[in-house]
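Worksheet for the structure shown next.
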Amino acid sequence: MSKEFQAPRGFHDILGSDLRKFRRITSTVRDILKRYNYEEIITPVVEFAEVFERSIGETTDIVQKEMFVFTDRKGRRLALRPEGTAGVVRAYIQNRLYTQKPYHKLFYEGPMFRYERPQAGRYRQFHQIGVEVFGVAEPHADAELLKLADDILKALNVRATLEINSLGCRVCRPAYREALVEYLNRVSDQLCKVCVDRKDRNPLRVLDCKVETCKEAVKEATKMVDFLCEECREHYEKVKAYLTNLGVSFRENHNLVRGLDYYTRTVFEAVSEELDVAVVAGGRYDYLVEEFGGPPTPALGFAVGVERLMLLVEEPERDYELYFVIPFGDVHAYALKVVDVLRKKGKVVELSYRKGGLRKQLELANRLSADYAVIVGEEEMKEGVVSLKDMRTGEQRKVKPEEID
RNA sequence: GAGGGUGUAGCUCAGCUGGUAGAGCGGGGGACUGUGGAUCCCCAUGUCGCGGGUUCGAGUCCCGUCACCCUCCCCA
């Protein structure tokens, strides 16, 4: 007797009804992305750790405590990707995509890894589908992106509120940051210890703290929106106007900051009304491509959390009829033929491997919720027919397999 | 990283104040050898997550450990 293995903590198998939900989500998203004409890209699960450190931010929690980092045999520091954008940006530059078209719309799907404590809808390996748009600075791109997120949520029947904010740019954010730190210093005795520590390192995050006293302390804080430079303000106003015009409902949340450093201007989250977790999140990152050594290229995108959506989505109904073929007696040669004929007609067919009498076979057909039982006995074989039984009504008739439709 | 809960047959769980384990479902077999969707009957030797301790004796108490769930943190 050898020991039984378990998947490592936070890693799990996806199967059965969960997998049907998983597929429903990914295929729905892919379907919509097709209509938006996004192009797929597959990037490696492993990158140099620096790719994430430099993009997401050295001081962020993701990088500091949640990344799976390891060294390979030559001592290179590699990491399992904790999110999708960094790798796509790297690929965009490495493949010189900017020389091919004036702008690009890419999407990716795959596993991401974060060393976190598992919880409902949160695993160490989880899956995201994300989109990235490169080379468009104008606000209509932001609006279309938000519309895309909205379309996805509506298609999946997930009730979520779209929250948006603007984080400004190089021009206006430094001044705001300064003003915010000044404000936070004044109320620092009301902040939780994490925030006291955080206010100098990453002050914007304090706005997003969930601790009640912090929320209270931050209520009167100066808002980024009040500091936006003329261009950022105009951009933000246009995004909102376009959304209103499109009929996409949203709520402004001036404390929404996101935990990744690369965001500029528009940021957003779709928060489930049912569970109070973000299921879609993203925003603009106009400097990241440049910071990665590419040409200055405005960009924006978002990611959909598949496991989180799985908590909110119904398992899809089966959309085909199942024919359960029951060989009965020494008829396997004939039964195999029957199965082949039905499959050629496009039917979904399961050939029963179960042993036992007709009764047991029909019980199994029932349990598999087959729509039809196709009984193939010696009698049927002699006549070149099958007995087709409608499992719902119980009606049964003999037909030639070719005539089933 | 912090706090709380749980861990008993394949699954869902019951096992009171410690005396060495049960039910439902599923699965398998069968009076019926060609007919189902609550006909009947039979079938569970499971290291009670793992390791250690207390005790004459532990699933039942204590410690540790692992996993899962929940909250915080963080995030999709």
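Below, chains carry the letters A, B, ... as their sequence lines are ordered, and counting in each starts from 1.
The side chain of A/R367 contributes an N or O atom lying less than 4.0 Å from OP1 or OP2 of B/rG27. Using a 4.0 Å cut-off, some side-chain N or O of A/R354 falls inside it from OP1 or OP2 of B/rG28. Proximity of A/Q119 to the phosphate of B/rC69: no side-chain N or O atom is located under 4.0 Å from OP1 or OP2.
Distance, A/D276 CG to B/rU71 P: 10 Å, rounded to whole Å. Residue A/N366 contributes atom CG, which lies 7 Å from atom P of B/rG37 at whole-angstrom precision. The CG atom of A/L362 sits 16 Å away from the C1' atom of B/rU39 (whole-angstrom rounding). Counting to the nearest Å, the C1' atom of B/rC75 and the CZ atom of A/F268 are 15 Å from each other. Atom CG of A/D61 and atom P of B/rC72 are 15 Å apart (whole Å). One atom, CD of A/Q361, and another, C1' of B/rU33, lie 14 Å apart when rounded to the nearest Å. With rounding to whole Å, A/Y372 atom OH is found 20 Å from B/rG37 atom P. Taking atom CD on A/E66 and atom C1' on B/rA76, their separation rounds to 12 Å, with Å as the unit.
With A/H104 as reference, A/Y92 is the one residue of A/Y98, A/Y92, A/F134, A/Y38 to meet the ring-ring contact (aromatic ring centres under 6.0 Å, His included) rule. A/Y262 pairs with exactly one of A/Y285, A/Y287, A/F52 by the ring-ring contact (aromatic ring centres under 6.0 Å, His included) rule, that one being A/Y285. With A/V88 as the partner, the side-chain contact (heavy atoms from CB on, under 4.5 Å) test is satisfied by one option alone out of A/I42, A/I93, A/T43: A/T43. With A/D340 as the fixed residue, the side-chain hydrogen bond (donor to acceptor under 3.5 Å, both in side chains) test singles out one of A/R343, A/K337, A/K344: A/K344.
The base of B/rU35 is paired with the side chain of A/Q396 by a donor and an acceptor separated by under 3.5 Å. Counting atom types as modelled, A/R359 pairs a side-chain N or O with a base atom of B/rC32 as donor and acceptor under 3.5 Å. Taking only distance into account, the side chain of A/E116 never meets the base of B/rG1 through a donor-acceptor pair shorter than 3.5 Å. Taking only distance into account, the side chain of A/R308 meets the base of B/rC75 through a donor-acceptor pair shorter than 3.5 Å.
In this structure, the side-chain contact (heavy atoms from CB on, under 4.5 Å) partners of A/D151, at least two apart in sequence or on a different chain, are A/I32, A/Y36, A/K147.
No engagement by A/L364 is indicated, since no non-hydrogen atom pair under 4.0 Å with the nucleic acid exists. Residue contacts shown for A/G394 include a base, since a base heavy atom lies under 4.0 Å away. Across all strands, A/V277 comes closer than 4.0 Å to no nucleic acid atom at all (heavy-atom distances). Contacts of A/G10 with the nucleic acid, taken as non-hydrogen atoms under 4.0 Å apart, involve only primed sugar atoms and P, OP1 or OP2. Among the protein residues, A/E379 comes within range of the nucleic acid bases, having at least one heavy atom under 4.0 Å from a base atom. A/A278 comes within contact range of the sugar-phosphate backbone alone, with a heavy-atom separation under 4.0 Å but no base atom that close. Across all strands shown, A/G130 has no heavy atoms under 4.0 Å from either base or sugar-phosphate atoms. Among the heavy atoms of the strands lying under 4.0 Å from A/P118 are primed sugar atoms or P, OP1, OP2 only; no base atom is included.
Comparing the C1' positions of B/rG49 and B/rU60 gives a spacing of 16 Å, expressed to the nearest Å. To the nearest whole angstrom, the two C1' atoms, one in B/rC50 and one in B/rG46, are 16 Å apart. With both ends at atom C1', the span from B/rG52 to B/rG26 equals 37 Å, rounded to whole Å. B/rA44 and B/rG4 are spaced 42 Å apart, taking the P atom of each and rounding to whole Å.
Pairing of B/rA9, defined by two Watson-Crick or G-U wobble distances under 3.5 Å, is not identified with any nucleotide. For B/rC72, the paired base is B/rG1 (Watson-Crick or G-U wobble, both distances below 3.5 Å). With a cut-off of 3.5 Å on both Watson-Crick or G-U wobble distances, the partner of B/rG46 is given as none. Across the strands present, B/rG51 finds its partner in B/rC63; the criterion is a Watson-Crick or G-U wobble pair with both atom distances under 3.5 angstrom. Across all strands shown, B/rC40 forms a Watson-Crick or G-U wobble pair with B/rG30, both key distances being under 3.5 Å.
Here the CD atom belonging to A/E132 is positioned 14.0 Å from the CD atom belonging to A/E39, to the nearest 0.5 angstrom. The CD1 atom of A/I129 lies 9.5 Å from the OH atom of A/Y108; values are rounded to the nearest 0.5 Å. Note that OH of A/Y123 is 8.0 Å distant from CD1 of A/I14, once rounded to the nearest 0.5 Å.
Nearest to the side-chain atoms of A/I62 among the listed nucleotides B/rC75, B/rC73, B/rU35 stands B/rC75. Which of B/rG36, B/rG30, B/rC73 sits closest to the side chain of A/K360 comes down to B/rG30. The A/Q128 side chain lies nearest to B/rA76 when the options are B/rA67, B/rG3, B/rA76. Closest contact between the side chain of A/F328 and the listed nucleotides B/rC75, B/rU33, B/rG36 involves B/rU33. Comparing B/rG36, B/rC68, B/rG34 by their closest approach to the side chain of A/K389 singles out B/rG36. Distances were taken from every side-chain heavy atom of A/M391 (C-beta onward) to each of B/rA76, B/rG34, B/rG36; the shortest belongs to B/rG36.
Scanning residues 39-48 of chain A for heavy-atom distances under 4.0 Å to RNA chain B yields an empty list.
By the 6.0 Å and 45° rule, A/R124 does not stack over the aromatic ring of A/F113.
Mapping A/R9 and A/E378 onto RNA chain B by nearest heavy atom places A/E378 at the nucleotide closer to the 5' end.
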Legend entry - Candidate pair A/R30 and A/E40, rule salt bridge (charged side-chain N to carboxylate O under 4.0 Å, His left out), full reasoning: CA-CA 9 Å; A/R30 280 173 174 272; A/E40 184 165 14; 2.8 Å; yes

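Ion pairing between A/R170 and A/E290 holds under the 4.0 Å rule for side-chain N and carboxylate O.
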